[in-house]
Amino acid sequence: MCDLLDPLKPSVELNPEFFQKSLLTWFKQAARDMPWRENKDPYRIWVSEIMLQQTQVATVRPYFERFMQAFPTVRALAEAPLDRVLKNWEGLGYYSRARNLQKGAQYLLAQHQGELPQTLSEILAVPGIGPYSAGAILSIAFDQAVPAVDGNVIRVFSRLLRLKTPFDKAQPKRELEQVVQGLIPADAAGDFNQALMELGALICRPRQPRCLECPMQDLCQAAANGNPEAYPVKGKKTKVKTVPMAVLFLQSPQGVLLQQQGAKGIFRDLWCLPWSEMPLDAAAAFEALPFSVEISPQLTEIEHVLTHRRLQMRVFLGQAKLKSLPEGFVWAPLDQAHGYAIPVAHQKIFRFLVAHPLLLDLYGADLSIES
């Protein structure tokens, strides 16, 4: 086996034929019914795999169906306004996935007549497609024996072989891909890769793995050692940065004031309540706005955690004199019955205010726009 496994000297060698038969027999009975498994349409598989990155299947299912209704083809996605794409992605988070998905569709339209290529080098050139999603698409849609190693697969093999190497760097993952590559059956590559992912999701779970139901129980060194939850070995923990933010809630009869974000930053291209990183003086938080605003005392503080940031959003009620809106600003209904893509962090603020109507009544005079 590869260098990744040498220090471990595994006591059980993974016999490819036995491994394949055990896994595929289990998958035939246990595979979940999912809308992207209805056929082998490469576009549907691509969209589903991008959505499933860092998101649970139960969450993805309704988003996938809605997204496919809105953008049923590569061309439809490529030619859609970005705002509409982001709105249909709203709630899934990690919006860079949606932007890259559309960039990928535009690339396919320009370079491959709207079709996903069937070679590894060509599909890796598509914006937003990395080694994992390339392997998933090529194996599931085109039955090519290419590994698709995600977090589920890493967990399965870390426990099977008691791998002592953390996977927070690229090299261990590349070595594990070689191990998986040697096990993929040529005539069932897609089912094999999906079976590994399904095994990790349903049986070899991060917490309380269902070892007694696992088709690989007799091969698993971590289970035999009685400590499967100790694997995968964790790498260095990324520090989470706390970001205090001042957020402005400004309302008129037309709705709540939203501002479109620029092409950079944590909320890029999305529509947010006007905000800035919290200065020492709250009154200075909104000096950069193209109109003057008076703020009332802080209404509430709402926290939202991103991958590497903890947002502490301090919400202030505002009052302003506006005859017309500057460019990049809109009024939107508080109940979010509109077409603007709003990040989950700011949706939390909307939900808080909708759930506390007495606050809006109490501060109604302050919330009104002065003409």
When you look at E213 and W26, which way does the side-chain contact (heavy atoms from CB on, under 4.5 Å) test go after all the steps? CA-CA 10 Å; E213 301 174 39; W26 171 82; over 6 Å; no

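- Of all the heavy atoms in Y43 and T73, the pair that sits closest is OH-O, 3.4 Å.
- Open room surrounds CZ on R75; 12 or fewer heavy atoms of other groups in view lie less than 6.0 Å from it.
- Two residues are said to be in side-chain contact when any heavy atoms from C-beta on lie closer than 4.5 Å; C220 and C211 fail this criterion.
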Which atom pairs, donor and acceptor, lie under 3.5 Å between side-chain atoms of residues 112-124 and protein residues at least two apart or in another chain?
| residue | atom | partner | partner atom | Å |
| --- | --- | --- | --- | --- |
| T119 | OG1 | E122 | N | 3.4 |
| T119 | OG1 | E122 | OE1 | 2.9 |

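- Taking 4.5 Å as the limit, some side-chain heavy atom of P343 sits within range of a side-chain heavy atom of C272.
- With hydrogens and angles ignored, the 3.5 Å screen pairs no side-chain donor or acceptor of T300 with any backbone N or O of V315.
- Nearest approach of A78 to Q102, heavy atoms of both residues: O-NE2, 3.8 Å.
- A salt bridge links E90 and K87; the closest N-O separation between the charged side-chain nitrogens and carboxylate oxygens is under 4.0 Å.
- In terms of modelled atom types and a separation under 3.5 Å, the side chain of S22 and the main chain of F18 share a donor-acceptor contact.
- Here the shortest heavy-atom pairing between L311 and A345 reads CD1-CB, 4.2 Å.
- Contact annotation: the side chain of L199 never approaches that of F27 to less than 4.5 Å [non-hydrogen atoms, C-beta and beyond].
- Cluster annotation: V243 and I302 are assigned to the same hydrophobic cluster (Ile/Leu/Val/Met/Phe/Trp/Tyr, side-chain heavy-atom contacts under 4.5 Å, transitive).
- Judged by distance alone, the side chain of T55 and the main-chain N or O of L52 form no donor-acceptor pair under 3.5 Å.
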Test side-chain contact (heavy atoms from CB on, under 4.5 Å) applied to Q259 and L289, step by step: CA-CA 10 Å; Q259 179 181 15; L289 291 174; 4.0 Å; yes

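- R314 places no side-chain N or O within 3.5 Å of a backbone atom of Q298 that could act as its donor or acceptor partner.
- Here CZ of F267 is found 9.5 Å from OH of Y95. Values are rounded to the nearest 0.5 Å.
- Here the straight-line distance linking atom NZ of K239 with atom NE2 of H308 works out to 14.0 Å at 0.5 Å rounding.
- Considering all non-hydrogen atoms of both residues, P206 and E229 come closest at O-CG, 3.9 Å.
- In this structure, CG in D150 is found 8.0 Å from CZ in R155, a value given to the nearest 0.5 Å.
- Between K21 and E17, the closest side-chain pair of non-hydrogen atoms is not below 4.5 Å.
- Going from atom CD of Q254 over to atom OG of S252 covers 4.0 Å, rounded to the nearest 0.5 Å.
- Salt bridge annotation for K40-D143: present, with a cationic side-chain nitrogen under 4.0 angstrom from a carboxylate oxygen.
- Looking only at side-chain heavy atoms (C-beta outward), K321 and F291 stay at 4.5 Å or farther from each other.
- V247 and V305 fall into different hydrophobic clusters, where Ile, Leu, Val, Met, Phe, Trp and Tyr are joined by side-chain heavy atoms under 4.5 Å apart, directly or via other members.
- Side chains of Q194 and R37: a donor on one and an acceptor on the other come within 3.5 Å.
- Proximity of L101 to F67: side-chain heavy atoms (C-beta onward) are separated by under 4.5 Å at one or more points.
- R66 and Q69 share no side-chain donor-acceptor pair at under 3.5 Å.
- Within the 3.5 Å criterion, the main-chain N or O of M51 finds a donor-acceptor partner in the side chain of R97.
- The salt bridge (charged side-chain N to carboxylate O under 4.0 Å, His left out) contacts involving residues 54-64 comprise nothing, where partners must be two or more places apart or lie in separate chains.
- If you chain together hydrophobic residues whose side chains sit under 4.5 Å apart, L82 and F71 fall into the same group.
- For the residue pair E49 and Q53, no side-chain donor N or O sits within less than 3.5 Å of a side-chain acceptor on the partner.
- A pairwise comparison of heavy atoms in M278 and A246 identifies SD-CB, 3.4 Å as the closest pair.
- Under the 3.5 Å distance criterion, the side-chain polar atoms of N193 are left unmatched by any main-chain donor or acceptor of I137.
- A side chain to side chain donor-acceptor pair (under 3.5 Å) with D269 is found for one member of K264, R99, Q261, Q260 and no other, namely R99.
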side-chain contact (heavy atoms from CB on, under 4.5 Å) between N100 and I50, intermediate numbers included: CA-CA 9 Å; N100 285 333; I50 300 302; over 6 Å; no

Please walk me through it: do W36 and V47 pass side-chain contact (heavy atoms from CB on, under 4.5 Å)? CA-CA 9 Å; W36 47 88; V47 171; over 6 Å; no

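- Residues V344 and F64 do not share a hydrophobic cluster, defined by chaining ILVMFWY side chains whose heavy atoms lie under 4.5 Å apart.
- Nearest approach of A341 to D83, heavy atoms of both residues: CB-O, 4.5 Å.
- Between Y231 and the options R162, R159, Q221, a side chain to side chain donor-acceptor pair (under 3.5 Å) holds for only R162.
- Judged purely by atom type and a 3.5 angstrom limit, K164 has no side-chain atom pairing as donor or acceptor with the backbone of V233.
- Although no hydrogens or angles enter the test, the distance criterion places no donor-acceptor pair under 3.5 Å between the side chain of Q20 and the main chain of F192.
- Side chains of L77 and V85 form a contact here, defined as non-hydrogen atoms less than 4.5 Å apart.
- For the pair N225 (side chain) and N227 (backbone), a donor-acceptor distance under 3.5 Å is absent.
- The distance from the CD1 atom of I45 to the OG atom of S139 is 8.5 Å, given to the nearest 0.5 Å.
- For the atom pair CZ of F249 and OG of S296, the computed distance is 12.0 Å after rounding to the nearest 0.5 Å.
- Note: the hydrophobic cluster containing L202 also contains V149 (ILVMFWY, side chain heavy atoms under 4.5 Å, direct or indirect links).
- The closest side-chain heavy-atom distance from I342 to L270 is not below 4.5 Å.
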